[in-house]
Amino acid sequence: MSQLLTGVPASPGIAIAKAYRLEAEESIPQQRKVDDPAAEKQRLRSAVDAAKADIDRIRETTLERLGPQKAEIFEAHLFLLDDPDLIDTTLDQIESEGVNAEYALHEVASSIIEALQSMDNEMLRERAADVKDITGRVISKLEGREHSALSELSAETILIAKDLTPSDTAQLNLEFVRGFVTEIGSRTSHSAIMARSLELAAVVGTGADASGIRTGDMIILDATAGQVIVNPSDEQLREYSVRKAEYEEYKTRMRSYVDRPSVTADGVQVELASNIGGIDDLEKVLANGADGIGLFRTEFLYMGRSSFPSEEEQYSVYKHVLEKMNGKRVVIRTLDIGGDKELPYLQLPKEMNPFLGQRAIRLCLDKEDLFRTQLRALLRASMHGKLAIMFPMIAVLGELREAKRILAEERAKLEQEGTKVSDTLEVGIMIEIPAAAIAADVLAKEVDFFSIGTNDLIQYTMAADRMNESVAYLYQPHHPSILRLVQLVIQAANRHGKWAGMCGEMAGDSAAIPLLLGLGLYEFSMSASSVLPARELISRLSREEWAGLAEQAIGMSTQQEVLDFVNQQLRSEA
Ligand code: PEP
Ligand code: MG
């Protein structure tokens, strides 16, 4: 009997192969008393050195295979192996308690891991995996075991594991590994991120369901749907062989759009840009031929650390992104913290309604020093490419004017100091609050562009918390009330000769793109992997025709009516 498991679709693809179960090496070291703590401490130091040599080798291979950004994680691992909190504390414990090195290291690491895992911040929780990875490696050395034999697989395989450490993932032999399934993990775990850059099919977070899979079981991995079929029937095997071939054909077809312009069937040029959270995402943006960056969420620069990033640090990141994009437009959003994103070191008071509280521009206007540092870094970086600065969560004109006043002051200061600032720098705002959408004609006069943040615009329009599953049914991008607001914004921008973009999830939704195009949207910013499918779709659409169809959709009564209408039109055009 075949068995169906579901998990998080972490990296798309379809694979069919036999399972190889990677057994967790989580043996808990036994405590032993040692007679000579000094010798035991030396044993630990030698094991740490041997582990460092291994990691250095993995770092080199990763550098060659995946480039410097992916190799950085192993620099962090080397750094951790020098961390006094881990190593010195372990050495002290060996000395004071007279216990064996593997036991002391396991004890010290466990308390660090536990502390990290209890953090609110997802990035810090991920650090726990790094500490686990390196201590596992050192303990293997102490116990005289080989850490893992992943690089030695020799037949087509789908890897099954409780979890894969970053070093496991980096060592996968891509000649044979066709994909992996892990019991724990999320879309943002290191293994998921690595899988996406290796273009390896992966489903993570299946829970204990995958623990029953044995080496040698036949597996169909449909990572596009987040499904794993264990010991499939002949019929399922036939069906998925066809799907796999279709998927591969689809990918090849999409790749042919990498260097093509983003133009509709009736010759209207649009911009298909990408959203990023940091420089690690650039590789994918470039590989997918995006026309620019429509949203750089800079808050990630501030998260997962214990103090603010300096002006210099921010400047070098912004400069790097602008240079990499080589003259294509880069929209950098100023700090959008608050709501679901916290900064522990900022020590903000708890709010009753964080999404309606002091987030984004509201916070920046209150904490001017913080804002000014970021603006200076941005202004300086503007000389290195085509920069657009974007203020988030603008509700009223006064906020925009205040933000622009501070920006102008910092610009004047820099110029007085002899620092050049670009003359072509654009300044725009996100439209994500209904008040701003309704008054877009007023705001349009004082900006260079709008970018519609539908993730928030929908939550505020529907009064439905975007994090609350029980009201998720109200997240309706295709609802006529949302389309009407979007239309107001686009019309206001176009009437004033400004461009209108969208950087909420809706911009990459294939059932929304035709309507947005018809409404006159110019820039669509989405995750990098959506760019090529969007470009292919746009190339089949006529803007003129969809202008009429979008008008009809706006007059409808429900989201379902709109969706049925769009899908039927797309089918009849195919
Ligand atoms: C949005 O609100 O649509 C948006 C793009 O911003 P974020 O998702 O970062 O709030
Ligand atoms: Mg938002």
Side-chain angles (χ1 to χ4, degrees), residues 69 72-73 75-76 79-80 83 85 115-116 119-127 130 188 275-282 293 295-322 330-351 354-355 357-384 387-394 399 402-414 417 419 421 425 427 429-430:
Q69 277 150 29
E72 261 172 28
I73 177 90
E75 270 158 38
F79 194 69
L80 272 175
D83 185 349
D85 280 346
L116 287 170
M119 301 278 184
D120 265 353
N121 182 315
E122 184 158 348
M123 278 197 277
L124 287 180
R125 284 201 301 273
E126 295 296 343
R127 288 291 85 76
D130 298 329
T188 53
N275 295 350
I276 64 166
I279 51 180
D280 271 359
D281 298 334
L282 281 174
I293 286 171
L295 169 64
F296 178 176
R297 290 183 163 98
T298 56
E299 45 279 9
F300 293 110
L301 282 178
Y302 293 70
M303 292 162 79
R305 51 188 294 153
S306 52
S307 61
F308 292 110
S310 66
E311 178 185 322
E312 216 42 48
E313 191 179 341
Q314 294 192 54
Y315 165 71
S316 70
V317 172
Y318 305 150
K319 173 171 175 269
H320 179 85
V321 174
L322 284 158
V330 176
V331 181
I332 304 187
R333 174 172 80 181
T334 59
L335 183 61
D336 180 1
I337 216 75
D340 59 327
K341 299 172 210 140
E342 286 180 43
L343 275 193
Y345 58 89
L346 192 54
Q347 295 186 333
L348 293 172
K350 277 262 172 269
E351 294 181 308
F355 273 119
Q358 208 188 31
R359 55 176 294 212
I361 198 70
R362 303 167 181 190
L363 184 84
C364 285
L365 293 178
D366 184 49
K367 308 225 177 295
E368 256 187 48
D369 286 353
L370 177 72
F371 193 38
R372 285 180 189 271
T373 305
Q374 183 172 36
L375 294 178
R376 284 174 70 84
L378 285 166
L379 288 164
R380 285 171 55 202
S382 70
M383 293 304 290
H384 299 280
L387 175 65
I389 296 180
M390 176 159 77
F391 302 125
M393 293 283 292
I394 295 285
E399 291 168 326
E402 186 60 5
K404 282 178 69 178
R405 183 186 65 77
I406 298 171
L407 182 69
E409 272 180 24
E410 289 308 320
R411 179 180 193 130
K413 273 193 236 163
L414 281 169
E417 290 163 20
T419 305
V421 177
L425 170 73
V427 179
I429 59 173
M430 289 195 68

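Computed from a predicted model, the values in this text were never measured in an experiment. Atoms considered below: every heavy atom in the structure, side chains included; atoms not considered: hydrogens, waters and symmetry mates.
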To the closest 0.5 Å, what do you measure between CZ (Phe79) and CG (Asp130)?
13.0 Å
Kindly indicate whether the side chain of Pro392, heavy atoms from C-beta on, has any atom under 4.5 Å from the side chain of Thr334.
yes
Any sub-3.5 Å donor-acceptor pair from Asp281's side-chain atoms to Gly277's backbone N or O?
yes
Does some side-chain heavy atom of Arg362 sit less than 4.5 Å from a side-chain heavy atom of Lys367?
no
Of all residues at least two apart in sequence or in a different chain, which pass the salt bridge (Lys or Arg N to Asp or Glu O under 4.0 Å) check with Glu409?
Arg372, Arg405
Roughly how far apart are Phe296 CZ and Leu378 CG, rounded to 0.5 Å?
9.0 Å
Answer yes or no: is there a side-chain heavy-atom contact under 4.5 Å between Leu343 and Leu348?
no
Contacts of Ala388 meeting side chain to side chain contact (heavy atoms under 4.5 Å, CB included) (sequence neighbours excluded), chain-then-number -> Arg329, Val331, Glu426, Phe449
Here the pair of heavy atoms bringing Glu313 nearest to Ser316 is O-OG, 3.0 Å
Atom pair CZ/CD1 of Arg333 and Ile276 - distance to nearest 0.5 Å:
11.5 Å
Validation row: Lys319, Met383 side chains within 4.5 angstrom (heavy atoms)
no
Excluding sequence neighbours, so at least two apart, what forms side chain to side chain contact (heavy atoms under 4.5 Å, CB included) with Ala377?
Glu311, Gln314, Tyr315, Tyr318
Is the shortest side-chain heavy-atom distance between Phe391 and Val427 below 4.5 Å?
yes
Identify, with sequence neighbours excluded, every residue that meets side chain to side chain contact (heavy atoms under 4.5 Å, CB included) alongside Glu417.
Arg376, Lys413, Leu414, Thr419
Contacts of Leu365 that satisfy side chain to side chain contact (heavy atoms under 4.5 Å, CB included) - sequence neighbours left out:
Ile361, Phe371, Glu399, Glu402, Ala403, Ile406
For side chain to side chain contact (heavy atoms under 4.5 Å, CB included), just list the numbers for Leu301 and Gln374, CA-CA rounded to whole Å, side-chain angles, deciding distance to a tenth of an Å, and then say yes or no.
CA-CA 11 Å; Leu301 282 178; Gln374 183 172 36; 5.7 Å; no
Closest approach of His320 and Leu282, non-hydrogen atoms and distance?
CD2-CD1, 3.8 Å
Nearest-0.5 Å distance that lies between atom NZ in Lys404 and atom CD1 in Ile429
9.5 Å
Non-hydrogen side-chain atoms of Leu379 and Leu407 separated by less than 4.5 Å
yes
Take Arg359 and Glu351 through the test salt bridge (charged side-chain N to carboxylate O under 4.0 Å, His left out) and record every step on the way to the result.
CA-CA 11 Å; Arg359 55 176 294 212; Glu351 294 181 308; over 6 Å; no
Stepwise, does the side chain to side chain contact (heavy atoms under 4.5 Å, CB included) test hold for Arg297 with Asp336?
CA-CA 8 Å; Arg297 290 183 163 98; Asp336 180 1; over 6 Å; no
Does any part of the side chain of Ile332, heavy atoms only, come nearer than 4.5 Å to the side chain of Ile389, both counted from C-beta?
no
List in chain and number order the residues that pass ring-ring contact (aromatic ring centres under 6.0 Å, His included) with Phe308, two or more places apart in sequence or in another chain; answer none if no residue qualifies.
Tyr345
